[in-house]
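Structure first, commentary second.
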Amino acid sequence: MREPSQQEQRVLTTIAGIPEGFVATYGDCSPGAPRLAGAVLRYTDRPLPWWRVVRADGSLTQGSRQHALLDAEGVPFKGARVDLSIARYFPEDSP
DNA sequence: GTGATGACGGAAA
DNA sequence: CTTTCCGCCATCA
């Protein structure tokens, strides 16, 4: 297994630290390189809560599966998007 | 080794 | 409101 870079490490740590009922954006997990966050979720073998990661505008990337999981956690929706003004999680408080 | 791809973001038109 | 374009970085072919 390859040693995770500092940026990858941040992505892993951030996603793992998202509390139930909240979400974080790709940009929050990987500032300056949001595509990296997407790549990590695609290729990692770690058990991460991938459904709690949404686009910067609150729209989902994994359609109904993601919607169902978030809805089950009580994440507030505004139409087809997550209401980030309520459910957004800010990783700066997390290690 | 080079080039294309993608679970993105933000600005511009 | 929508569409287009460029930057970003690990993985894939």
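Keep in mind it's a predicted model, so treat the numbers as computed, not measured.
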Minimal non-hydrogen separation, A:Val82 against A:Ala87, with atom names: CG1-CB, 4.0 Å

A:Tyr43 side chain, from C-beta outward: closest of C:dT11, B:dG6, B:dG9: C:dT11

Identified side-chain contact (heavy atoms from CB on, under 4.5 Å) partner of A:Cys29 from the options A:Ile15, A:Leu36, A:Val40: A:Ile15

Nucleotide B:dC8, atom P - distance to CG of A:Leu84 in whole Å: 15 Å

Given C:dT11, C:dC9, B:dA7, the nucleotide with the shortest approach to the side chain of A:Gln7: C:dC9

Sugar-phosphate only, base, or nothing, as touched by A:Leu36 at under 4.0 Å among non-hydrogen atoms: sugar-phosphate

A:Tyr26 OH - C:dA10 C1' separation (whole Å): 15 Å

Distance in angstrom units between A:Asp57 CG and C:dT3 P, rounded: 13 Å

A:Leu60 CG to B:dC8 P, straight-line distance once rounded to whole Å: 12 Å

Any side-chain donor near an acceptor of the partner, A:Tyr26 and A:Thr61, under 3.5 Å: yes

Polar side chain donor-acceptor pair, A:Glu73 to A:Trp51, under 3.5 angstrom: yes

side-chain N/O A:Arg35 vs C:dC8 OP1/OP2, d < 4.0 Å: no

Rounded distance in Å - CG (A:Leu12) to P (B:dA7): 18 Å

Closest to side chain of A:Pro34, choosing from C:dA10, B:dG10, C:dG7: C:dG7

Atom pair distance, as rounded to whole Å: CD1 in A:Ile18 and C1' in B:dA7: 13 Å

Shortest side-chain distance from A:Thr25, nucleotide among C:dA10, B:dG9, C:dT11: B:dG9

Separation of atom CG in A:Asp45 from atom P in C:dA10, rounded to whole Å: 17 Å

Check ion pair A:Arg88-A:Asp83 (N to O, under 4.0 angstrom): no

Residue whose nearest DNA chain B nucleotide is more 5′ - A:Val54 or A:Ala39: A:Ala39

Touch class at under 4.0 angstrom, heavy-atom based, for A:Arg55 against every strand present: sugar-phosphate

Nucleotide nearest A:Ala56 when distance is taken to its side chain, options C:dC8, B:dA7, B:dG10: B:dG10

Atom pair distance, as rounded to whole Å: CD in A:Gln62 and C1' in B:dG6: 11 Å

